[in-house]
Structure formats: structure tokens, C-alpha cells
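Numbers here are sequence positions counted from 1.
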Amino acid sequence: MKQSLNFGWLFTSNTSKNEEVNIPHNAVEVPYNYFSEKSYQDVFTYEKDFDVEGFNPNRVYIIDFEGFMFKAEISLNGNKLGTFTSGYLPVKIDVTKFIQARGNHLVVILDSKEDQDYPPFGFAFDYITFSGIYREVYLESHLKTYISNIYPHGDMNGKLDILYDVNGEDEIK
């Protein structure tokens with residue numbers, strides 16, 4: 001089950017405090033003509049309060065960020081979940097231990113400043129990076145044991161092989 005977390009975030013930057021925004025969101029709007037790269041390289045805060053639809057304590061809960069730029073320190077209900085790097089890749093965080101049925105508070109402190117340890121900063125690429133949570137955010141709910149990825153492979157003779165990844169407590173037989 002997927003629950004959208006895209007609407008009703010509070011956004012704080014150097015120029016605005018607690019502005020209500022929806023995801024996807026650009027942290028800074030830049031002009032179409034000349035601008036400085038430093039204009040969107042800053043630290044921004046996103047906060048979201050939400051309840052879990054159909055909460056069941058016997059399920060696994062994962063927050064799925066499909067893309068943010070660039071590094072984020074993320075916490076849920078006052079519990080630090082870690083610091084994550086996204087760029088153009090999704091970030092999935094198991095929040096089962098910290099989620100509750102009602103009154104969840106998600107905080108994302110987003111650092112979009114250049115970091116020489118990660119491309120494209122300091123390298124030759126044909127794109128630039130902006131800032132913000134620019135792809136959708138979901139709360140996923142799974143059984144305690146679930147298949148997370150399926151890899152089908154067929155050949156020209158009609159043979160089909162299926163590989164899969166199992167997550168959770170029990171083995172699938």
C-alpha cells in the first residue's frame with residue numbers, strides 16, 4: 001500500500017518561514033537568464049505532519065523519497081533516521097520502529113551545497129543541480145515479509161526465469 005505524502009509541507013529558507021508547499025518543490029526559483037549557482041546552494045527545511053491510513057503495527061513502513069537535491073538529514077517523531085544522499089536516485093527508509101498511527105512529524109533538513117565527494121560537483125557533466133524535494137514522497141506499507149524486486153528473464157525458446165529479492169523476517173519457500 002502506498003500513501004502519498006506530497007501535500008501540505010511547511011518549507012523554511014533564508015527568505016521564507018513556514019511557507020506551505022507541495023511536493024515536487026524547487027527550493028529556489030531561478031531566472032531563465034543569468035544567475036549565480038550560489039543562489040540555490042543553501043540549507044532548507046521541510047516539515048510534514050501526517051497520520052497513517054489504515055495503520056497496522058504488524059506491518060513494515062518505509063518512507064520513499066523519489067528524489068531530492070542533494071543531502072538530507074531526516075528525522076521522524078524526533079528520532080534521527082540518518083543523513084542520506086539522493087541526487088537523482090530514490091531513498092527508501094524503514095521507519096517501522098518510529099511510526100505511529102496519528103500525529104507523525106517528518107523533518108527533512110536539505111543541504112543543497114556543492115560536495116566534492118559526489119558528482120557532478122568538480123567534474124565535467126552536462127547538467128546542473130538545483131535544490132528541493134523535486135520528486136514525489138510516499139509512505140509504503142508491507143507485510144513483515146515481502147518481495148521487493150522481481151527480475152524476469154525470458155529467452156527466444158520460451159524459457160522464463162524469475163529471480164526476486166525477499167525482505168523481512170521469514171523465508172519464502
Side-chain angles (χ1 to χ4, degrees), residues 1-32 35-55 59-123 125-142 146 148-149 167:
M1 182 176 96
K2 271 187 170 180
Q3 177 181 334
S4 173
L5 298 179
N6 293 322
F7 303 101
W9 288 75
L10 293 180
F11 173 71
T12 301
S13 69
N14 288 335
T15 58
S16 67
K17 184 168 176 79
N18 294 335
E19 173 188 351
E20 186 168 324
V21 300
N22 295 324
I23 305 301
H25 178 256
N26 290 328
V28 176
E29 287 192 34
V30 294
Y32 292 112
F35 61 90
S36 168
E37 291 178 3
K38 298 292 182 197
S39 65
Y40 55 83
Q41 294 181 18
D42 207 345
V43 177
F44 308 95
T45 303
Y46 290 86
E47 297 183 59
K48 169 82 174 147
D49 292 323
F50 66 97
D51 298 331
V52 178
E53 298 168 4
F55 180 77
R59 293 182 71 87
V60 173
Y61 289 92
I62 296 169
I63 292 181
D64 181 358
F65 290 88
E66 290 188 354
F68 54 78
M69 191 55 76
F70 183 62
K71 288 191 291 190
E73 184 177 301
I74 302 173
S75 63
L76 178 64
N77 299 329
N79 301 289
K80 185 176 177 183
L81 303 174
T83 301
F84 304 89
T85 302
S86 173
Y88 294 95
L89 300 173
V91 171
K92 293 185 178 224
I93 308 164
D94 187 336
V95 296
T96 306
K97 294 188 284 189
F98 307 114
I99 199 128
Q100 50 202 30
R102 304 184 72 61
N104 293 288
H105 184 70
L106 179 62
V107 177
V108 178
I109 300 172
L110 188 64
D111 184 347
S112 63
K113 292 182 277 193
E114 287 190 7
D115 186 328
Q116 295 300 316
D117 292 336
Y118 298 97
F121 310 117
F123 300 96
F125 279 79
D126 63 350
Y127 62 89
I128 58 175
T129 61
F130 292 100
S131 57
I133 301 176
Y134 62 88
R135 291 187 183 147
E136 298 187 56
V137 181
Y138 293 99
L139 176 66
E140 297 177 1
S141 169
H142 300 283
Y146 61 97
S148 60
N149 295 303
N167 292 75

What's the spacing between [X] [atom1] and [Y] [atom2] if we round to 0.5 Å?
X    : Y    : atom1 : atom2 : value
L106 : L5   : CG    : CG    : 7.0 Å
F11  : N26  : CZ    : CG    : 9.5 Å
M1   : Y61  : CE    : OH    : 6.0 Å
T12  : K17  : OG1   : NZ    : 5.5 Å
K71  : S112 : NZ    : OG    : 10.5 Å
F55  : N104 : CZ    : CG    : 8.0 Å

So which heavy atom on [X] is nearest to which on [Y], and how close?
X    : Y    : answer
Y46  : G132 : OH-CA, 3.3 Å
E136 : N6   : OE1-ND2, 2.9 Å
I133 : F68  : CA-CB, 3.9 Å
D51  : G103 : OD1-N, 2.8 Å
V52  : Q100 : CG2-O, 3.4 Å
R59  : T96  : O-CG2, 3.6 Å

For a 4.5 angstrom cut-off between non-hydrogen side-chain atoms, does T45 reach I109?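 Yes - at least one pair of side-chain heavy atoms lies under 4.5 Å apart.
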Taking C-beta and beyond as the side chain, do V95 and L139 meet within less than 4.5 Å on heavy atoms?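 Answer yes - side chains close enough.
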Tested for side-chain contact (heavy atoms from CB on, under 4.5 Å) against V137, the lone hit among V108, D64, V91, I63 is I63
For H105 and D49, test the side chains for any donor-to-acceptor distance below 3.5 angstrom and give the result as yes or no. yes
Keeping Q3 on the side-chain end and E53 on the backbone end, is there a donor-acceptor pair under 3.5 Å? yes
Set out, in order, the CA-CA distance, both residues' side-chain angles and the distance that settles side chain to side chain contact (heavy atoms under 4.5 Å, CB included) for F50 and I99, then state yes or no. CA-CA 10 Å; F50 66 97; I99 199 128; 4.0 Å; yes
